[in-house]
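Positions are given from 1 along the sequence. Model, not experiment: these values are computed from the prediction. Just follow the structure's listing: the first ligand is 1, and inside any ligand the first atom is 1.
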Amino acid sequence: MVHRTEKFVKETLLDAEGGHDWMHAQRVRKLALYIASKENADLLIVELASLLHDIADSKFNDGDEEAGPVKAREFLLSLSLEEPVISKIENIIRNISFKTQSDPHKIQSIEFKTVQDADRLDAMGAIGIARAFNYGGYKNQPICDPEILPQLNMSKEEYKNSKGPTINHFYEKLLLLKDLMNTETGRKMAIRRHQFMEIYLEEFFKEYNWPGEF
Ligand code: ADP
Ligand code: NI
């Protein structure tokens with residue numbers, strides 16, 4: 001089943017943007033399996049959900065937020081999995097996104113928490129930086145524009161349509177992730193990636209403002 005899922009995801013993501021491609025799915029899968037092993041999460045659900053989590057991101061499907069979960073369900077039915085397993089995976093994919101600020105009172109499964117932490121870790125650190133600038137280039141966003149300040153507390157719509165400079169995205173999302181980790185394992189892994197982004201930003205602004213003081 002895992003092998004068939006891998007093949008399906010690779011084919012589906014063949015022309016994907018570099019930050020949401022097969023390699024992203026592969027990294028999230030590895031991170032998620034590690035977290036799952038520490039947090040006693042169900043390995044099959046975690047592995048299939050992490051592989052399938054970005055097969056039809058709404059950003060690349062005219063904003064259709066049901067495209068991903070629907071496509072994943074269709075595929076999972078072809079694997080003849082049992083309904084409770086399918087709906088668990090489908091729900092992870094439906095709610096994983098940063099924009100979909102899930103209801104804080106809703107109790108999420110450990111499998112959901114695991115896959116969401118893995119996806120968030122891949123948006124942080126050196127790889128997170130690479131993905132942000134790749135996405136910004138794909139969207140033709142400026143790298144940095146001191147005239148445009150970061151927008152905190154954006155609505156979901158504003159976040160999705162943001163054309164702001166990529167450097168602002170660090171303040172709007174990437175630096176917030178360490179405090180949003182769901183699991184103890186995820187929280188520990190986030191520390192180094194967070195610190196690296198802080199060091200990177202310090203260097204970035206030193207160069208940006210050279211020879212002035214920052
Ligand atoms: P999710 O897929 O969890 O909803 P996003 O779509 O916000 O999260 O982010 C997925 C990847 O795309 C991340 O690596 C993120 O940094 C990058 N990304 C999203 N929005 C922007 C943006 N406005 N500028 C730069 N990178 C972005
Ligand atoms: Ni993802």
Side-chain angles (χ1 to χ4, degrees), residues 9-10 12-13 16-33 35 46-69 71-72 89 91-102 108 112-145 148-178 180-182 186 190 193-194 196-197 200-201 204:
V9 174
K10 262 188 204 162
T12 308
L13 294 178
E17 177 266 324
H20 289 83
D21 58 358
W22 160 248
M23 294 312 293
H24 167 61
Q26 172 73 326
R27 289 189 303 268
V28 174
R29 168 212 219 164
K30 280 201 291 178
L31 288 164
L33 283 175
I35 298 171
V46 164
E47 186 159 24
L48 297 186
S50 51
L51 281 170
L52 291 164
H53 83 278
D54 267 338
I55 49 170
D57 191 304
S58 63
K59 283 193 283 308
F60 311 112
N61 283 276
D62 301 320
D64 180 3
E65 293 183 6
E66 275 299 296
K71 199 167 180 171
I89 297 175
N91 268 316
I92 295 176
I93 297 169
R94 179 171 291 114
N95 294 305
I96 191 170
S97 174
F98 177 75
K99 320 173 281 291
T100 317
Q101 298 284 7
S102 48
Q108 297 287 8
F112 172 84
K113 292 177 178 173
T114 296
V115 180
Q116 190 176 53
D117 277 5
D119 195 29
R120 285 175 168 167
L121 284 168
D122 203 54
M124 302 174 71
I127 290 192
I129 295 170
R131 290 181 71 211
F133 286 106
N134 196 77
Y135 184 82
Y138 176 83
K139 287 279 208 175
N140 206 16
Q141 293 171 186
I143 290 175
C144 179
D145 180 346
I148 308 174
L149 293 175
Q151 306 288 306
L152 301 175
N153 306 317
M154 270 187 279
S155 71
K156 189 167 158 181
E157 272 324 293
E158 287 167 335
Y159 177 80
K160 283 199 293 194
N161 299 324
S162 164
K163 278 276 190 184
T166 299
I167 211 75
N168 289 9
H169 187 62
F170 287 81
Y171 301 93
E172 292 162 352
K173 169 182 170 180
L174 305 182
L175 294 172
L176 313 179
L177 293 174
K178 84 165 171 32
L180 293 173
M181 289 292 151
N182 303 302
R193 291 174 192 233
H194 181 85
F196 185 74
M197 290 192 293
Y200 172 78
L201 289 167
F204 183 97

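Contacts between Lys139 and ligand 1 below 4.0 angstrom, taking non-hydrogen atoms only, are absent altogether. Contact annotation for Asp122 and ligand 1: no heavy atom of the residue comes within less than 4.0 Å of the ligand. Contacts between Lys173 and ligand 1 below 4.0 angstrom, taking non-hydrogen atoms only, involve the side chain exclusively.
In this structure a side-chain-to-backbone donor-acceptor pair under 3.5 Å is present from His53 to Ser50. Counting only distance, with no hydrogens or angles, the side chain of Arg27 and the backbone of Asp122 share no donor-acceptor pair below 3.5 Å.
If you number the atoms of ligand 1 from 1 as listed, the ones under 4.0 Å from a heavy atom of Leu174 come out as 16 (O). Which parts of ligand 1 touch Asp119 is read off a 4.0 Å heavy-atom cut-off, strictly below it: atoms 3 (O).
Checking only distances, Ser97 does come within under 3.5 Å of ligand 1, N or O to N or O. Distances between N or O atoms of His169 and those of ligand 1 include at least one value under 3.5 Å. Distances between N or O atoms of Arg131 and those of ligand 1 include at least one value under 3.5 Å. Residue Tyr135 has no N or O atom closer than 3.5 Å to an N or O atom of ligand 1.
Note on ring orientation: taking the six-membered ring where Trp is involved, the planes of Tyr200 and Phe204 are tilted (angle from 30° to 60°). Taking the six-membered ring for Trp and thresholds of 30 and 60 degrees, Phe170 and Phe133 have ring planes inclined between 30 and 60 degrees apart.
Using a 4.0 angstrom heavy-atom cutoff, Phe133 does not count as in contact with ligand 1. Within the 4.0 Å heavy-atom shell around ligand 1 one finds His20. Residue contact annotation: Asp57 has a non-hydrogen atom under 4.0 Å from ligand 1.
No side-chain heavy atom of Asp54 sits less than 4.5 Å from a side-chain heavy atom of Val28. Between Tyr159 and Lys173 there is a side-chain heavy-atom pair separated by less than 4.5 Å.
Nearest N/O/S atom of His53 with respect to the Ni ion (ligand 2) is recorded as NE2. When you scan the N, O or S atoms of Asp119 for the one nearest the Ni ion (ligand 2), you land on OD1. Restricting Asp54 to its N/O/S atoms, the shortest distance to the Ni ion (ligand 2) is reached by OD2.
Met23 contributes atom CE, which lies 11.0 Å from atom CZ of Arg29 (distance to the nearest 0.5 angstrom). Taking CD of Gln116 as the start and CD of Gln108 as the end, the distance is 7.5 Å to the nearest 0.5 Å. Between the CG atom in Asp57 and the CD1 atom in Ile93 there is a gap of 11.5 Å [rounded to 0.5 Å].
Ion pair Arg94/Glu66 flagged as a salt bridge, since at least one NZ, NE, NH1 or NH2 atom sits closer than 4.0 Å to an Asp/Glu carboxylate oxygen.
At a cut-off of 2.8 Å, Asp57 does not coordinate the Ni ion (ligand 2) through any N, O or S atom.
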